[in-house]
Amino acid sequence: MKIYNTISRKKEEFNTIHKGIVNMYVCGPTTYNFIHIGNARPMVVFDTFRNYLASIGYQVNYIQNYTDVDDKIINKSKEEGIGPLELAAKYIEEYRKDANSLRVKEATFHPKVSENIEEIIEFIDTLIKKGFAYEVEGDVYFDVRNYKPYGKLSGKNIDDLKSGARVEIGDKKRSPLDFALWKTAKEGEINWVSPWGNGRPGWHIECSTMSMKYTKSPTLDIHGGGQDLIFPHHENEVAQSEGYTGKPFVNYWMHNGFITVNKEKMSKSLGNFFLVREILEKFSGEVIRYFILSSHYRNPIDFNDGALVESEKSLTKLMTAYNNLEKLINDNRDNQNDILENEFTKIEEKIEKALQDDFNTALAFSFFFDGSKIVTKAIKENLYNQKGLEKAFSIFKKYLVDILAVLPFEKVEEEVLEGDDNGTFNKVMEILLDVRNMARKDKNFAYGDLIRNELTKLDIEIIDTKEGSTWKKK
RNA sequence: GGCGACGUCGCCAAGUGGCUAAGGCAGAGGUCUGCAAAACCUCCAUCCCCGGUUCAAAUCCGGGCGUCGCCUCCA
């Protein structure tokens, strides 16, 4: 297994600290809003990696935090007129709904900041005692100058950073690079009692504290997140964690690329984001998941409606093959030909090779398109037997259903036409189709085609199948 | 300005030294269908530019040009 490590900028052979166990931490959401498709990428990507690692025999201890104490939450809670923790709880619920739609499974632990304050205070206190942090008027800052390797993850050096750093008016920090571990509470803000007065944790400290607590280990095997977290968030985590333990914090740093819109980064501050909630109205979660996994996780992907339409079509192709296999699986055909078994043995090897190489999910998918072709051909030409079917089906199931989790899926139902309140329109359409089919039965195709053509002009498509005729809005 | 990533068919996207440069979408042709749709089959690129290393480069090195990200909350 090879994994690209941000800190070395190379693919490295993956070895865990404890044999057979992976301790993996991925930065979770700050829960003050619905999530957008950009937030969905790390969720989907790391969920998939977790599934894969489990499939090759690791016990994966997967931790994802919920940041429920934060400036943005405090501000939003004022707007919505409810308490910050209440607001966070509400959006955690919403987050879980979206995660569920995207087939992202629960982590082993989902620790919250508000439930780990005691540990955070202990962590900060130790940093002060070790000389890595200092207190000023109720605030506590990490002293970057005292942590020499600062910058090793993001490849920056302290002097460059200093010259470009923003100095805020009234800043109490000794150096502009120092970051807050503990913030004094402003009037009326949520706060906890600490040795430095009432306040709350800074942003970075939670990840260090909770990752160590829930893995019971000073060193993580894998720490993941979006590329934009490399600096300063992850850099700061390294500093405070290694300051605290004196041991390496993370063995493999993994960072996913961005989702862009018209080649521009999607972000809340730019306002060019699409909520997962909105997209789910038009496409199923599996389609979104396929869209994300059909590029390598470190590459940028550009989001647009067309891309999802394309993803849906591609996925439909795989779905068709999967359905065909499922239908025939109990056929008990006794045939000497073992083409499916042979081909799918080879396909599985290729898939494994792809996933072993820094989780190349895009490449893995391509083998399923080849596989689908083979399935179709074998069925059509009657060149299959029970063993072959079972082999092919088990490969589809293992990877597409369980690990990549994009099958089975259902297309999101087309909405009924505007202005249709109680199904009247659907009934009218039914009548129209009945009339047309009566005409077709009488071989009066001119009438039938007239109806079809006129409806086509209204963007309504008629589809004839053996079972009957249906329609959909284009 | 500092650091980093990337540039492969009309679009998306694998491939990082050597068989015919994967796969998907779109397009073309065909099978099927009363006609359509769906499904299925077939076809469709020498890799941004220039120079170098090598028996051999999309793949390594140098130089351009271009795109994007981080350096401020952000997945």
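Naming: A, B, ... by sequence-line order, numbering from 1 per chain. The shown structure was predicted, so the numbers you read here are calculated from the model rather than taken from an experiment.
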Exercise. Can A/Phe369 be classed as stacking with the base of B/G23, given a centroid separation cut-off of 5.5 Å and a plane angle cut-off of 30°?
Worked result: no
Base, sugar-phosphate alone, or nothing: which one does [X] contact when heavy atoms must sit under 4.0 Å apart?
| X | result |
| --- | --- |
| A/Ser154 | sugar-phosphate |
| A/His36 | base |
| A/Ile230 | nothing |
| A/Gly225 | sugar-phosphate |
| A/Asp70 | nothing |
| A/Arg298 | nothing |
| A/Phe231 | sugar-phosphate |
| A/Lys313 | sugar-phosphate |
| A/Met266 | base |
| A/Ile259 | base |
| A/Gly448 | nothing |

For this session: Would you kindly check if the NZ (Lys) or CZ (Arg) of A/Lys156 is within the cone defined by 45 degrees around the ring axis of A/Phe231 and under 6.0 Å from the six-membered ring centre?
Result: yes
Exercise. Between A/Lys265 and A/Phe258, is NZ or CZ placed under 6.0 angstrom from the six-membered ring centre and within 45° of the ring axis?
Worked result: yes
Write down the distance between [atom1] ([X]) and [atom2] ([N]), rounded to a whole number of angstrom.
| X | N | atom1 | atom2 | value |
| --- | --- | --- | --- | --- |
| A/Phe291 | B/C12 | CZ | C1' | 9 Å |
| A/Asp159 | B/C3 | CG | C1' | 14 Å |
| A/Phe445 | B/A36 | CZ | C1' | 12 Å |
| A/Phe274 | B/C74 | CZ | P | 22 Å |
| A/Glu454 | B/A36 | CD | P | 18 Å |
| A/Asp228 | B/C68 | CG | P | 17 Å |
| A/Ile374 | B/C41 | CD1 | P | 11 Å |
| A/Asp357 | B/A14 | CG | P | 12 Å |

To the side chain of [X], which of [options] is closest?
| X | options | result |
| --- | --- | --- |
| A/Arg436 | B/A39, B/C71, B/C35 | B/C35 |
| A/Asp449 | B/A22, B/G23, B/G34 | B/G34 |
| A/Ser314 | B/C35, B/C25, B/A75 | B/C25 |
| A/Asp370 | B/G23, B/C35, B/G15 | B/G23 |
| A/Ser366 | B/C40, B/A75, B/A22 | B/A22 |
| A/Thr320 | B/A13, B/A75, B/A39 | B/A39 |
| A/Thr376 | B/C12, B/G23, B/C40 | B/C40 |
| A/Lys317 | B/G23, B/G2, B/C40 | B/C40 |
| A/Glu310 | B/C12, B/A36, B/C40 | B/C12 |
| A/Arg440 | B/A37, B/A22, B/C35 | B/C35 |

Seminar exercise, completed: When A/Gly28 and A/Ser294 are each assigned the nearest nucleotide of RNA chain B, the 5'-most assignment goes to A/Ser294
Exercise. Toward the 5' end of RNA chain B, which comes first, A/Tyr297 or A/Gly155, by nearest nucleotide?
Worked result: A/Gly155
Problem set entry | Salt bridge flag under 4.0 Å for residues A/Arg436 and A/Asp464 | yes
For this session: Determine, for A/Glu80 against A/Lys76, whether the closest basic-nitrogen to carboxylate-oxygen distance falls under 4.0 angstrom.
Result: yes
Between [N] and [M], how far apart are the two [atom1] atoms, rounded to whole Å?
| N | M | atom1 | value |
| --- | --- | --- | --- |
| B/C49 | B/C11 | C1' | 23 Å |
| B/C44 | B/A38 | C1' | 23 Å |
| B/A37 | B/U31 | C1' | 15 Å |
| B/A75 | B/G66 | P | 32 Å |
| B/C68 | B/A22 | C1' | 26 Å |
| B/U53 | B/G15 | C1' | 22 Å |
| B/C71 | B/A57 | C1' | 35 Å |

Watson-Crick or G-U wobble mate for [N], both contacts under 3.5 Å:
| N | value |
| --- | --- |
| B/U16 | none |
| B/C60 | B/G52 |
| B/C35 | none |
| B/G1 | B/C71 |
| B/C43 | B/G27 |
| B/G66 | B/C6 |

With no hydrogens and no angle check, do the side chains of [X] and [Y] hold a donor and an acceptor under 3.5 Å apart?
| X | Y | answer |
| --- | --- | --- |
| A/Ser208 | A/Gln240 | yes |
| A/Tyr290 | A/Glu310 | no |
| A/Asn61 | A/Thr215 | no |

OP1 or OP2 of [N] less than 4.0 angstrom from a side-chain nitrogen or oxygen of [X], does that happen here?
| X | N | result |
| --- | --- | --- |
| A/Trp471 | B/A37 | no |
| A/Lys265 | B/C70 | yes |
| A/Asn360 | B/G15 | yes |

Problem set entry | Option from A/Thr48, A/Ile3, A/Val45, A/Leu293 for which side-chain contact (heavy atoms from CB on, under 4.5 Å) with A/Phe359 holds | A/Ile3
Seminar exercise, completed: Per side-chain contact (heavy atoms from CB on, under 4.5 Å), A/Ile259 is matched among A/Asn39, A/Ile301, A/Asp302 by A/Ile301
For this session: Indicate yes or no for a side-chain donor-acceptor contact from A/Glu286 to the backbone of A/Leu407 under 3.5 Å, with no hydrogens or angles considered.
Result: no
Return yes if the base of [N] and the side-chain atoms of [X] contain a donor-acceptor N/O pair under 3.5 Å, otherwise no.
| X | N | result |
| --- | --- | --- |
| A/Arg452 | B/A36 | yes |
| A/Asn299 | B/C6 | no |
| A/Gln227 | B/G69 | no |
| A/Lys377 | B/C41 | no |

